[in-house]
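Bear in mind that the values here come from a model prediction, so they are computed numbers and not experimental data. When a ligand or atom number is given, it counts from 1 through the structure's own listing order.
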Amino acid sequence: GRLYLNKVFHISANKMFELLFTDSSFIRRFMNIRKITNASFTAWQKEASGNMKRSLNYTITISNPLIGKFSTATENQTLYKESRDGHYYLVDSEVYTHDVPYHDYFYTQNRYYIVRITKRKCRLRVYTDVKYKKQPWGLVKSFITKNSWSGIEDYFRQLEAELLEEEPDMNQGGGDS
Ligand code: YK8
């Protein structure tokens, strides 16, 4: 896997979870910026295992002319039962892009860790892996991997920038706790 984001934010752990993993105005706005449309979310639901699950459906806009302009996508998220509200959250998210070339060969797995540091600070880490459902030949595999990394890198770079915008203004007082 690759580490795409590893940063401390002046945002509490539970606020970070809310921003990223509920139907928040932040994520709605971020999807708008990324030209992700037709989004629908299910509510978090507890499974027999004790983990929580939810799924998202949306249409992504792709800038690569070789691939096409749009693809529908499904994202299945698992909030692990080891998570501790306000302290530690672990979410795995599998993203399936249904309308890109070779879509039946791969999906993307994003692992999000949110860890409380202080009352008003948390660390967010995101690991990403491209997973293969069946083995394509080498050339196709490197094509998929290369196109995936660049798209994912761009997405998380912008997510980091938008999350920084959500931090309170440190020059307005309020200290640095
Ligand atoms: C989620 C990974 C690959 C995919 C794309 C596929 C190209 C296929 C190459 C062919 C378009 C929001 C990406 C980037 C689409 C966007 C996905 C997002 C950013 C020619 C072989 C969508 C996180 C996420 C994960 C995986 C990303 C796709 O929250 O290159």
Side-chain angles (χ1 to χ4, degrees), residues 1-7 9 11 15-44 51-80 83 89-114 122 124-166:
R2 287 197 191 185
L3 184 59
Y4 273 103
L5 219 164
N6 180 17
K7 200 175 165 60
F9 293 91
I11 295 173
K15 172 89 181 292
M16 182 63 84
F17 178 81
E18 258 181 52
L19 293 177
L20 298 180
F21 298 108
T22 66
D23 190 354
S24 65
S25 49
F26 171 82
I27 208 72
R28 290 281 177 187
R29 220 179 329 115
F30 185 63
M31 285 178 151
N32 258 328
I33 297 173
R34 299 296 308 178
K35 299 196 177 76
I36 295 174
T37 59
N38 301 319
S40 67
F41 305 65
T42 66
W44 284 107
N51 299 331
M52 307 277 275
K53 295 237 173 181
R54 69 166 194 163
S55 58
L56 287 70
N57 282 291
Y58 45 76
T59 304
I60 54 168
T61 305
I62 303 163
S63 46
N64 189 333
L66 295 174
I67 299 169
K69 253 184 125 55
F70 305 100
S71 174
T72 57
T74 302
E75 186 165 337
N76 297 322
Q77 298 179 341
T78 304
L79 170 63
Y80 286 99
S83 302
Y89 301 84
L90 173 55
V91 177
D92 261 351
S93 134
E94 292 175 348
V95 182
Y96 297 83
T97 45
H98 304 298
D99 311 307
V100 301
Y102 306 107
H103 60 89
D104 48 336
Y105 281 90
F106 74 99
Y107 64 94
T108 306
Q109 185 182 290
N110 299 315
R111 174 162 284 198
Y112 296 81
Y113 294 93
I114 301 169
C122 73
L124 172 64
R125 278 207 195 94
V126 185
Y127 289 93
T128 297
D129 234 334
V130 179
K131 299 274 193 185
Y132 288 90
K133 290 186 274 181
K134 39 185 187 181
Q135 280 306 312
W137 50 292
L139 199 64
V140 171
K141 195 170 175 174
S142 62
F143 190 48
I144 293 171
T145 311
K146 183 172 158 282
N147 279 283
S148 298
W149 290 143
S150 60
I152 295 164
E153 188 174 7
D154 195 55
Y155 180 86
F156 286 114
R157 199 184 304 122
Q158 190 159 25
L159 182 64
E160 178 179 325
E162 293 302 318
L163 282 171
L164 288 173
E165 290 291 309
E166 285 296 299

_Contact (N/O only, under 3.5 Å) between Y102 and ligand 1_ = no
*Which protein heavy atom lies closest to atom 7 (C) of ligand 1, and at what distance to 0.1 Å?*
I67 CD1, 3.7 Å
*Classify the side-chain pair E75/S93 by whether it contains a donor and acceptor separated by less than 3.5 Å.*
yes
*Quick check: does any side chain N or O of T128 sit under 3.5 Å from a backbone N or O of N110, one acting as donor and the other as acceptor?*
no
*asked:* Quick check on Y102: does its OH atom have over 12 non-hydrogen neighbours (other residues, nucleotides or ligands) under 6.0 Å away?
replied: no
*Distance to 0.1 Å, residue and atom name: give those for the protein heavy atom nearest to atom 20 (C) of ligand 1.*
F143 CE2, 3.3 Å
*Check ion pair E166-R29 (N to O, under 4.0 angstrom)*: yes
*Measure from atom 18 (C) of ligand 1 to the protein's non-hydrogen atoms and state whether any distance is below 4.0 Å.*
no
_Student check: side-chain heavy atoms of L20 and L159 closer than 4.5 Å_ = yes
_Distance-only donor-acceptor check, side chains Y107 and Q109, under 3.5 Å_ = no
*For atom 21 (C) of ligand 1, grab the closest protein heavy atom and report residue, atom and distance to one decimal in Å.*
I144 CG1, 3.4 Å
*Note the single closest protein heavy atom to atom 10 (C) of ligand 1, along with its residue, its atom name and the distance in Å.*
P101 O, 3.9 Å
*Tell me: protein heavy atom nearest atom 16 (C) of ligand 1, and distance?*
I60 CD1, 3.9 Å
*Of all the non-hydrogen atoms in the protein, which one sits nearest to atom 29 (O) of ligand 1, and at what distance?*
E75 OE1, 3.0 Å
_How far is atom 9 (C) of ligand 1 from the closest protein heavy atom, and which atom is that?_
N147 CB, 3.6 Å
*Less than 4.0 Å between atom 1 (C) of ligand 1 and some protein heavy atom, yes or no?*
yes
*After noting the C-alpha distance and the side-chain angles of D104 and K133, does the key distance pass the salt bridge (Lys or Arg N to Asp or Glu O under 4.0 Å) rule?*
CA-CA 7 Å; D104 48 336; K133 290 186 274 181; over 6 Å; no
*asked:* Could you tell me, atom by atom, which parts of ligand 1 come under 4.0 Å of a heavy atom of T108?
replied: 2 (C), 26 (C)
*Check ion pair D99-K69 (N to O, under 4.0 angstrom)*: no
*To the nearest 0.1 Å, how far is atom 4 (C) of ligand 1 from its closest protein heavy atom, and which atom is that?*
T97 CG2, 4.4 Å
*Using the benzene-type ring in the case of Trp, are the ring centres of Y112 and F21 under 6.0 Å apart?*
yes
_Does only the side chain of Y58 get under 4.0 Å from ligand 1, or the backbone, or both, or neither? Count heavy atoms._
side chain
*Counting heavy atoms only, which part of N110 comes closer than 4.0 Å to ligand 1: side chain, backbone, both or neither?*
side chain
